[in-house]
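Beneath this line is the structure, given in structure tokens, with notes to follow.
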Amino acid sequence: AQSVSQHNHHVILSEAASLELGCNYSYGGTVNLFWYVQYPGQHLQLLLKYFSGDPLVKGIKGFEAEFIKSKFSFNLRKPSVQWSDTAEYFCAVNAGYNQGGKLIFGQGTELSVKP
Amino acid sequence: DVKVTQSSRYLVKRTGEKVFLECVQDMDHENMFWYRQDPGLGLRLIYFSYDVKMKEKGDIPEGYSVSREKKERFSLILESASTNQTSMYLCASSSLKLMNTEAFFGQGTRLTVV
């Protein structure tokens with residue numbers, strides 16, 4: 001069965017620090033990968049997605065993620081975080097058409113950015 | 001814009017009650033999902049549906065059932081609510097035909113079972 005693992009449960013950074021959030025998945029076939037963000041009191045929003053092509057994908061608000069197939073990883077990065085990036089971040093995997101589009105999420109990483 | 005609407009933002013129910021959570025999407029999406037979100041556990045898939053009257057169990061289906069009689073509507077049913085079902089419930093939809101699109105989420109229903 002598919003599963004998604006996010007290594008960090010809570011990350012605390014100061015503004016301007018660099019960010020990397022880990023995500024690993026277990027599924028041997030073709031996958032689609034996503035990072036979602038949930039700001040306090042708001043619904044989940046898409047940050048970025050990977051379907052095919054360039055394994056380095058860029059999303060909104062300066063975020064990017066790199067798909068490394070050999071490591072089953074899709075880590076999220078941002079060179080310089082801002083206080084407004086304080087939120088919970090979720091990695092998700094969709095195993096594609098054969099699974100009926102089933103979408104599985106990781107446990108989430110809470111990011112706190114100190115001004 | 002895609003809109004996924006959940007019928008209630010907050011619900012308080014008593015133990016043993018039958019509870020219905022409704023979700024409607026307006027983008028003709030084939031896939032619809034129900035998740036529950038708990039601190040430290042992320043989003044856990046309860047059920048999903050890829051077509052009318054079709055449903056598949058997710059990772060935590062026990063104590064829940066679903067209904068999809070129309071394409072735009074996906075209902076989550078708690079047959080006999082229990083306190084351990086107190087949680088935030090999220091509905092989502094996505095296109096099955098257009099595989100390069102993401103899932104869109106509703107605002108969530110915070111259910112408290114007392």
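Below, chains carry the letters A, B, ... as their sequence lines are ordered, and counting in each starts from 1. None of these values were measured; they are calculated from a predicted model.
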Side-chain heavy atoms of Gln37(B) within contact of Glu88(A), under 4.5 Å: yes

Less than 4.5 Å to any heavy atom of chain A: does that hold for the side chain of [X], its backbone, both, or neither?
X: Glu56(B); value: neither
X: Asp51(B); value: neither
X: Leu41(B); value: backbone

Do you reckon [X] sits in the same ILVMFWY cluster as [Y], going by side-chain contacts under 4.5 Å, direct or chained?
X: Val66(B); Y: Val4(B); result: no
X: Tyr10(B); Y: Phe20(B); result: no
X: Phe34(A); Y: Leu76(A); result: yes
X: Leu90(B); Y: Leu78(B); result: no
X: Ile46(B); Y: Ile77(B); result: no

How many angstroms lie between [atom1] in [X] and [atom2] in [Y], if you round to the nearest 0.5 Å?
X: Glu102(B); Y: Leu103(A); atom1: CD; atom2: CG; value: 10.5 Å
X: Ile104(A); Y: Leu45(B); atom1: CD1; atom2: CG; value: 5.0 Å
X: Gln38(A); Y: Met88(B); atom1: CD; atom2: CE; value: 7.0 Å

Whether over 12 other heavy atoms sit under 6.0 Å from Arg44(B) CZ: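 Check passes, neighbour count above 12.
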
Looking at Arg14(B), I want to see if its CZ is surrounded by more than 12 non-hydrogen atoms of other residues, nucleotides or ligands under 6.0 Å.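 It does not: Arg14(B) CZ has 12 such atoms or fewer within range.
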
Would you say the ring centroid of Phe105(B) lies under 6.0 angstrom from that of Phe105(A)?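 Yes; Phe105(A) has its ring centre under 6.0 Å from that of Phe105(B).
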
With a 4.5 angstrom heavy-atom cut-off, which part of Tyr36(A) approaches chain B: side chain, backbone, both or neither?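 Contact with chain B involves the side chain of Tyr36(A) alone.
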
Given heavy-atom pairs under 4.5 angstrom as the criterion, report whether the side chain, backbone, both or neither of Leu46(A) touches chain B.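 Looking at Leu46(A), just its side chain touches chain B.
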
